[in-house]
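Note that the coordinates shown come from a computational prediction; the quantities given were computed from them, not determined experimentally.
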Amino acid sequence: MTLTLRSSTSFINPKDTKIIKAHLHEDLYGVISFKQAKSPTRLRIRSSLQEIKMERSDKLEKLHSLSMNHHTNDLRVPVFVMLPLDTVTLGGNLNKPRAMNASLMALKSAGVEGVMVDAWWGLVEKDGPMKYNWEGYAELVQMLQKHGLKLQVVMSFHQCGGNVGDSCSIPLPPWVLEEISKNPDLVYTDRSGRRNPEYISLGCDSLPVLRGRTPIQVYADYMRSFRDRFRDYLGEVIMEVQVGAGPCGELRYPSYPESNGTWRFPGIGEFQCYDKYMRASLEAAAESIGKRDWGSNGGPHDSGQYNQFPEDTGFFKKEGTWNTEYGKFFLEWYSGKLLQHGDRILEASKGIFHGTGAKLSAKVAGIHWHYGTRSHAAELTAGYYNTRHRNGYSPIAKMLAKHGVVFNFTCMEMKDGQQPGYANCSPEGLVRQVKMATRDAKAELAGENALERYDGGAYEQILATSKSESGNGLTAFTYLRMNKNLFEPNNWRNLVEFVKTMSEGGRNRKLPESDCSGSDLHVGFIKEKKIKEVAVV
């Protein structure tokens with residue numbers, strides 16, 4: 001059995017065809033060639049550019065806008081695919097370029113709009129302050145342009161390693177780690193004093209702690225260097241710049257770190273406000289309202305530990321401290337600091353990329369466990385002041401809308417019934433809330449899947465959430481992630497069908513209900529069938 005996709009145009013030198021031969025299974029040998037995906041709507045455009053007639057067979061179809069603006073009648077949802085985390089090597093070069101070339105051709109044949117890649121701070125500026133190396137990314141951008149694919153690039157100011165799906169280790173730049181070693185309070189700290197080197201604490205956003213520059217200035221200089229290096233591609237190939245604003249690139253605190261077994265699902269996590277800069281801010285906030293003692297000991301004393309449940313704590317239980325005057329004060333301050341951080345970094349980003357033609361986006365985490373409780377403990381420790389009595393996503397959506405930034409949200413593939421009952425999860429309820437919050441704030445909404453999924457059930461859920469019947473529809477969707485499993489024959493067919501359906505506004509039904517590898521719903525673990533060789537990085 002052979003999976004064959006044919007194309008009239010090949011971007012691969014005949015001498016290189018061996019790289020796109022793959023052992024798709026131990027007993028299955030496949031050769032992949034490529035076919036250009038058909039556009040869902042055929043148009044005739046007269047030379048005057050004033051009259052557009054649709055083919056008779058498509059009379060009832062709506063004309064698709066290229067702007068991806070949710071205020072239009074465009075039902076099309078473009079699909080992007082995340083590239084591997086190590087797309088650029090530690091040496092700053094494009095990783096396995098021949099294999100990448102073949103993989104990009106396959107994605108183009110499937111009809112995807114483009115790809116997403118992390119531009120790691122720890123790679124680009126590792127040789128010293130303001131010494132940038134973009135060459136590996138430049139090679140990727142040129143390759144994408146050749147294939148007619150677009151790019152979403154993430155300004156990844158966090159470390160890679162220690163979280164769900166992290167397959168490699170890319171720490172912060174060495175010169176930054178050196179400053180952290182001299183001043184450990186530069187990173188987030190929990191109540192027991194555990195330091196987290198994933199991301200610089202927002203408590204020192206405006207302080208010149210990085211060799212004379214503030215963290216916000218360092219991020220801005222980095223983005224400005226990117227803009228200058230890729231000016232000719234912005235708005236043409238590079239369509240979106242996602243601004244990293246925390247661990248995993250998400251606007252949140254690192255409240256549930258998986259490294260060294262610190263946190264396990266579905267623990268409530270812990271507040272990250274014990275570095276000296278955050279403590280000073282809390283003390284000042286408490287003193288300003290005449291409640292000095294509320295800031296003298298850091299955060300709440302009764303908020304429990306990483307792996308506890310809400311009812312095990314005095315703070316998060318049903319009638320806990322979270323709903324007292326003190327609790328409300330603390331949560332307003334804690335979540336407000338996160339909003340201020342997002343506002344600062346996006347204000348800088350807007351000034352840098354204004355007029356380039358590239359959209360800006362920011363990612364918000366889909367923390368769906370304990371969503372069914374009154375306190376929403378796991379969201380609170382991450383910095384989202386969302387409870388049964390308060391909408392924590394409305395202020396975030398309004399802040400992003402103010403800057404014209406796309407609200408990118410995860411867990412679009414999850415269903416409530418697939419989650420363990422003891423965790424009080426509701427990813428569907430959470431997504432509905434975010435869709436309504438972004439609609440009311442007039443912010444664009446884009447989505448991602450949180451875990452690796454290849455089955456039709458996950459795709460069907462994404463299709464359902466992409467529509468605007470309840471709140472905002474999606475302006476784009478980014479699929480996690482390009483790897484060997486994606487190119488398994490059944491998984492690949494599911495992706496191709498999904499992309500086609502999204503391009504047709506969800507009118508194409510119905511996808512298979514299982515993948516060929518038996519993916520686990522909670523951790524995305526692929527069992528049994530192993531791939532020996534495939535043309536992906």
Side-chain angles (χ1 to χ4, degrees), residues 83-95 116-141 153-163 166-189 194-230 241-254 257 259 272 275 277 341 344-346 348-349 352-353 362-363:
L83 294 181
L85 295 168
D86 61 351
T87 291
V88 172
T89 68
L90 293 175
N93 302 309
L94 184 62
N95 198 359
M116 174 181 276
V117 71
D118 289 278
W120 295 106
W121 184 26
L123 295 183
V124 174
E125 200 177 355
K126 73 173 186 175
D127 292 333
M130 304 188 78
K131 294 179 180 179
Y132 307 106
N133 177 11
W134 296 106
E135 294 317 300
Y137 295 98
E139 188 176 352
L140 175 65
V141 169
V153 62
V154 185
M155 300 287 102
S156 295
F157 299 116
H158 60 287
Q159 79 166 21
C160 178
N163 285 295
D166 285 352
S167 57
C168 63
S169 176
I170 304 173
L172 301 185
W175 63 272
V176 175
L177 294 178
E178 184 179 331
E179 296 303 309
I180 293 171
S181 69
K182 292 187 287 189
N183 181 6
D185 283 292
L186 292 180
V187 298
Y188 289 114
T189 308
R194 185 185 289 105
R195 310 286 189 178
N196 189 321
E198 286 186 69
Y199 188 81
I200 299 295
S201 169
L202 62 81
C204 53
D205 269 355
S206 302
L207 299 173
V209 294
L210 295 177
R211 300 193 181 181
R213 292 185 294 165
T214 71
I216 296 297
Q217 287 173 334
V218 170
Y219 303 148
D221 288 339
Y222 183 91
M223 291 187 284
R224 196 173 292 109
S225 171
F226 174 83
R227 179 203 64 191
D228 294 344
R229 177 64 179 81
F230 295 98
V241 176
Q242 187 172 112
V243 183
C248 295
E250 297 167 335
L251 180 63
R252 66 172 175 87
Y253 294 99
S259 59
Q272 306 291 310
D275 64 76
Y277 304 105
H341 172 66
R344 288 190 190 108
I345 195 169
L346 292 174
S349 306
I352 291 165
F353 291 103
K363 187 175 176 181

Judged by atom type as modelled, is there a donor-acceptor pair below 3.5 Å linking the side chain of [X] to the main-chain atoms of [Y]?
{"X": "Asn196", "Y": "Tyr188", "value": "no"}
{"X": "Arg344", "Y": "Ile216", "value": "no"}
{"X": "His158", "Y": "Gly244", "value": "no"}
{"X": "Ser225", "Y": "Asp221", "value": "no"}
{"X": "Lys126", "Y": "Leu90", "value": "yes"}

Quick check: closest heavy atoms across [X] and [Y], and the distance to 0.1 Å?
{"X": "Ala245", "Y": "Leu251", "result": "CB-CD1, 3.8 Å"}
{"X": "Leu172", "Y": "Glu198", "result": "CD2-O, 3.8 Å"}
{"X": "Leu94", "Y": "Thr87", "result": "CD1-O, 3.5 Å"}
{"X": "Leu85", "Y": "Cys160", "result": "CD1-SG, 3.8 Å"}
{"X": "Asp118", "Y": "Ser156", "result": "OD1-OG, 2.7 Å"}
{"X": "Arg229", "Y": "Ala138", "result": "NH2-CB, 3.2 Å"}

Verdict with supporting geometry, Arg195 and Asp185, side-chain contact (heavy atoms from CB on, under 4.5 Å): CA-CA 8 Å; Arg195 310 286 189 178; Asp185 283 292; 3.0 Å; yes
Enter the distance from [X]:[atom1] to [Y]:[atom2] here, rounded to the nearest 0.5 Å.
{"X": "Asn133", "Y": "Asn93", "atom1": "CG", "atom2": "CG", "result": "7.5 Å"}
{"X": "Gln272", "Y": "Tyr199", "atom1": "CD", "atom2": "OH", "result": "14.5 Å"}
{"X": "Glu178", "Y": "Lys182", "atom1": "CD", "atom2": "NZ", "result": "5.0 Å"}
{"X": "Ile200", "Y": "Leu207", "atom1": "CD1", "atom2": "CG", "result": "12.0 Å"}
{"X": "Glu250", "Y": "Gln242", "atom1": "CD", "atom2": "CD", "result": "9.0 Å"}

Evaluate the side-chain proximity of [Y] to [X]: yes if any heavy-atom separation is below 4.5 Å, no if none is.
{"X": "Ile352", "Y": "Val241", "result": "no"}
{"X": "Val141", "Y": "Trp134", "result": "no"}
{"X": "Asp127", "Y": "Trp175", "result": "no"}
{"X": "Met130", "Y": "Arg211", "result": "no"}

Arg213/Glu125 salt bridge by N-O under 4.0 Å criterion: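 Salt bridge: yes.
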Centroid-centroid under 6.0 Å between Phe226 and Tyr137 rings: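 Not close enough - the centres of the two rings lie 6.0 Å or further apart.
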Results of salt bridge (charged side-chain N to carboxylate O under 4.0 Å, His left out) for Arg194 - residues two or more places apart only: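 Expected list: Asp190.
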Pair Leu140-Val88, side-chain contact (heavy atoms from CB on, under 4.5 Å): steps then yes or no: CA-CA 9 Å; Leu140 175 65; Val88 172; 5.9 Å; no
Worked verdict on Phe230 versus Val153 for side-chain contact (heavy atoms from CB on, under 4.5 Å): CA-CA 11 Å; Phe230 295 98; Val153 62; over 6 Å; no
Steps toward side chain to side chain donor-acceptor pair (under 3.5 Å) verdict (Tyr219, Asp205): CA-CA 10 Å; Tyr219 303 148; Asp205 269 355; 5.7 Å; no
side-chain contact (heavy atoms from CB on, under 4.5 Å) assessment of Val243 paired with Met223: CA-CA 9 Å; Val243 183; Met223 291 187 284; 4.2 Å; yes
